[in-house]
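Worksheet: the structure to be examined is printed underneath.
Starting from 1, each residue takes its place in the sequence as its number. These numbers come from a predicted model, not from an experiment.
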Amino acid sequence: MNDCLAIEALTVRFGGLVAVRDLSLRVAPGEIRGLIGPNGAGKTTLINAITGAVPIAAGAVRLNGERVSGLSPHAISRRGIGRTFQHVEPFGELSVLDNVLVGIGRRMHVSFGAAALATPNARRCESDAVREALGILERFDLLSYARMPAARLPFGVLKQMDLARALSARPMLLLMDEPTAGMSEAEADRAIAAARALAESEGMTLIVVEHNMRVMMALAHTVSVMQNGVLIAEGTPAEIQRNRTVIDAYLGEETPDVVH
């Protein structure tokens, strides 16, 4: 079976600065891969390179064996790669429910004409989408916010909604950049548990950049560690916590316990 994602000797340059250097990484279908490292390690640049947001100087990115590097961000998205951003950009005037419905709508196959004429098939699809969206909101404990405009949400709740919206589109591969930033501990625990359950039930592959190590150790199957644009370690959360190179470069001596 092909890897879901294969990154082959990837290099990204910004002028004379090499942000990612000769990096290779393979992620299996259905895997939740953590990506950690100090600020400036190149983590977000790597995500931007995978999604086509920045050009690559060398190497290749493949999704299920198909080369996607060199395609436009829109074309890469159509192949099944989604992402979240550190800074949430919701449809502020829409309700929380409607924001999640936008995510679901990206994979619905109802023609404009059928929707405009409200055909029985279009009405059935709409009803199914609303039922699914409400189920996702329930997973994230957001039902009480369903009819509230997104612009009125506290930031931590807004981040949970953004994560729910991204997962509702069911991309083949979802890249999550700091998904729990701004959340309380309880919000982060709830959001990560819901994200993992939904991803595993739908067979989605996740790559997660996250500075909250307690969250990362509870979420990821495998953790890759970057420093200065290169990978310096890879292993299970427990192995990474014991890795002296990673402790010296990033974690420090006070590492969180693995959450099982």
Side-chain angles (χ1 to χ4, degrees), residues 1 3-7 10 20 23-47 50 81-86 139-140 156 159-160 162-164 166-167 171-260:
M1 177 183 294
D3 297 300
C4 177
L5 178 72
I7 300 173
L10 187 74
V20 177
L23 187 147
S24 295
L25 180 71
R26 295 184 179 275
V27 181
E31 182 181 350
I32 301 177
R33 175 66 62 96
L35 185 62
I36 66 172
N39 290 332
K43 305 182 298 297
T44 297
T45 298
L46 179 60
I47 286 181
I50 293 169
I81 297 181
R83 71 172 295 178
T84 66
F85 294 86
Q86 292 182 27
R139 282 178 182 258
F140 282 84
K159 289 282 286 187
Q160 291 181 72
D162 186 53
L163 185 53
L167 286 161
M172 185 184 308
L173 170 66
L174 178 60
L175 310 171
M176 300 159 59
D177 198 356
E178 300 286 353
T180 68
M183 292 186 193
S184 68
E185 225 174 77
E187 289 170 339
D189 287 344
R190 187 164 54 242
I192 287 304
R196 181 166 186 161
L198 188 56
E200 290 180 345
S201 68
E202 299 297 334
M204 284 184 276
T205 303
L206 306 182
I207 295 179
V208 186
V209 173
E210 179 59 71
H211 281 293
N212 185 327
M213 293 309 302
R214 187 180 57 82
V215 165
M216 180 62 80
M217 297 305 172
L219 175 64
H221 300 140
T222 306
V223 178
S224 298
V225 187
M226 290 184 69
Q227 184 181 34
N228 297 326
V230 300
L231 286 178
I232 62 170
E234 190 170 279
T236 66
E239 290 168 342
I240 291 300
Q241 286 185 300
R242 295 191 297 267
N243 186 301
R244 173 51 58 182
T245 300
V246 178
I247 291 171
D248 291 343
Y250 180 58
L251 293 180
E253 296 296 339
E254 298 298 325
T255 58
D257 291 333
V258 176
V259 181
H260 297 283

Given 3.5 Å as the limit, does a donor-acceptor pair link the side chain of [X] with the main chain of [Y], or not?
X	Y	result
Asp3	Ala6	no
Ser184	Glu187	yes
Thr222	Thr236	no
Lys43	Gly37	yes

[X] versus [Y], closest heavy-atom pair with distance:
X	Y	answer
Leu25	Leu23	CB-CD2, 4.0 Å
Ala195	Leu163	CB-CD2, 4.0 Å
Ala199	Leu206	CB-CD1, 3.7 Å
Gly34	Ala220	N-CB, 3.7 Å
Ala166	Pro171	O-CD, 3.6 Å
Met213	Tyr250	SD-CE2, 3.9 Å

Taking atom [atom1] of [X] and atom [atom2] of [Y], what is their separation to the nearest 0.5 Å?
X	Y	atom1	atom2	result
Ile207	Ile50	CD1	CD1	4.5 Å
Ile7	Leu46	CD1	CG	4.5 Å
Thr180	Arg190	OG1	CZ	12.5 Å
Ile81	Cys4	CD1	SG	7.5 Å
Asp162	Leu167	CG	CG	9.5 Å
Leu173	Arg83	CG	CZ	11.5 Å

Side-chain donor/acceptor pairs under 3.5 Å, residues 224-232, sequence neighbours excluded:
| unit_1 | atom_1 | unit_2 | atom_2 | d |
| --- | --- | --- | --- | --- |
| Ser224 | OG | Arg33 | NH1 | 2.9 |
| Ser224 | OG | Glu234 | OE1 | 2.9 |

query = What do the steps show when you test Ile240 against Ile36 for side chain to side chain contact (heavy atoms under 4.5 Å, CB included), and what is the final call?
reply = CA-CA 10 Å; Ile240 291 300; Ile36 66 172; 4.2 Å; yes
inquiry  = side chain to side chain contact (heavy atoms under 4.5 Å, CB included) for Lys159 and Thr84? Distances and angles first, verdict last.
reply    = CA-CA 10 Å; Lys159 289 282 286 187; Thr84 66; over 6 Å; no
key: Heavy-atom side-chain proximity of Met204 to Met172 below 4.5 angstrom   = no
query = Does some side-chain heavy atom of Arg214 sit less than 4.5 Å from a side-chain heavy atom of Met217?
reply = no
key: Listed partners of Asp177 passing side-chain hydrogen bond (donor to acceptor under 3.5 Å, both in side chains), at least two apart   = Thr44, Gln86
message = Taking side-chain hydrogen bond (donor to acceptor under 3.5 Å, both in side chains) as the definition, give me every residue that meets it alongside Arg196, ordered by chain and number, with sequence neighbours left out.
response = Glu200, His221
query = Any chance CD of Glu185 has more than 12 other-residue heavy atoms, nucleotides or ligands included, within less than 6.0 Å?
reply = no
